[in-house]
Amino acid sequence: AYGMYTTAMGIAFALGPLAATAIAAQTNMALSYGVATLVAFSGALIGWRTLPGPQKTAGIAPLRSPVSLWVALRSMLHNPQLVAGSLANLLMSTVFGGAMQNFFPVYVAQMSVTQASINSMFSMRAFGSTLARFPSGVITSRVAPRRMIVLALVVALTTVSLMAVNADP
């Protein structure tokens, strides 16, 4: 279920910029945001109407006692592998996200690239990310998680490094 959820999210990340560009090109940016608002409201309404609510458990004893948020956080922070992997992901996501989402659009806009082209680039990146999720399930069942995480971090590091090396001064 989670794979389907994240795949749908990735497809939406890909289609959103394309739809926004098409609407803004035909009308204006305000209408593009208005349509996005309606789409988001529709999604919230579908979720509210179709997803199950809390299950009634009257008279049923819980299998285990509830764990407080602080106990759970403390337990996670005592796992050095989880902390190291999370920190590595946080650092690379910050750098990659900052480079791709914040600086890249400004950089290519300075080269007279149209907004439609920039949105198309983001859409292609989102489609590629979504397609990469399909084989990752099969790969992670055969390759150790440490190797997969390090490989993903090296790919992201290489991408950002190449952007730095190839950027105009």
Side-chain angles (χ1 to χ4, degrees), residues 1-51 81-169:
Y2 184 73
M4 181 180 252
Y5 175 80
T6 59
T7 299
M9 185 173 61
I11 291 170
F13 283 151
L15 295 178
L18 292 176
T21 300
I23 293 168
Q26 298 297 319
T27 59
N28 57 43
M29 190 62 76
L31 183 62
S32 179
Y33 280 111
V35 170
T37 301
L38 289 174
V39 169
F41 178 75
S42 300
L45 186 62
I46 290 169
W48 179 261
R49 304 266 310 168
T50 60
L51 294 174
Q81 294 170 333
L82 181 61
V83 171
S86 297
L87 182 60
N89 187 35
L90 172 73
L91 294 173
M92 275 311 302
S93 295
T94 301
V95 171
F96 192 74
M100 289 303 294
Q101 295 170 344
N102 298 327
F103 300 120
F104 181 73
V106 174
Y107 174 71
V108 294
Q110 290 175 347
M111 298 186 311
S112 302
V113 176
T114 67
Q115 185 64 46
S117 296
I118 294 170
N119 284 1
S120 296
M121 291 176 200
F122 276 103
S123 292
M124 291 305 108
R125 182 205 168 276
F127 274 126
S129 175
T130 301
L131 290 175
R133 292 177 188 172
F134 290 117
S136 67
V138 173
I139 292 169
T140 56
S141 66
R142 295 188 171 109
V143 178
R146 178 181 177 172
R147 289 184 185 200
M148 284 299 297
I149 290 171
V150 169
L151 178 64
L153 292 171
V154 168
V155 168
L157 171 75
T158 303
T159 302
V160 173
S161 298
L162 289 173
M163 290 171 68
V165 169
N166 292 313
D168 290 337

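Since the structure is predicted, the reported quantities are computational estimates derived from the model, not experimental observations. Below, each value reflects all heavy atoms present in this structure, side chains not excepted, and no hydrogens, waters or symmetry copies.
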Closest approach of Pro17 to Ala14 (non-hydrogen atoms, all atoms of both residues): CD-O, 3.6 Å
Leu162/Thr159 under side chain to side chain contact (heavy atoms under 4.5 Å, CB included): CA gap, chis, key distance, verdict: CA-CA 5 Å; Leu162 289 173; Thr159 302; 6.0 Å; no
Distance, nearest 0.5 Å, that separates CE of Met124 from CG of Asn119: 11.0 Å
Nearest atoms (heavy-atom pairs only) where Ser120 meets Leu18: OG-CD2, 3.8 Å
Criterion side chain to side chain contact (heavy atoms under 4.5 Å, CB included) on Ser123 and Leu15, from CA distance to verdict: CA-CA 6 Å; Ser123 292; Leu15 295 178; over 6 Å; no
Atom pair CG/CG of Leu38 and Leu45 - distance to nearest 0.5 Å: 11.5 Å
Pairwise distance OG1(Thr158) to CG(Leu151) - rounded to 0.5 angstrom: 9.0 Å
For Ala88 against Leu153, the heavy-atom pair lying closest together: CB-CD1, 3.6 Å
CD1 on Ile46 to OG on Ser42, rounded to 0.5 Å: 6.0 Å
Heavy atoms of other groups near Phe13 CZ, more than 12 under 6.0 Å: no
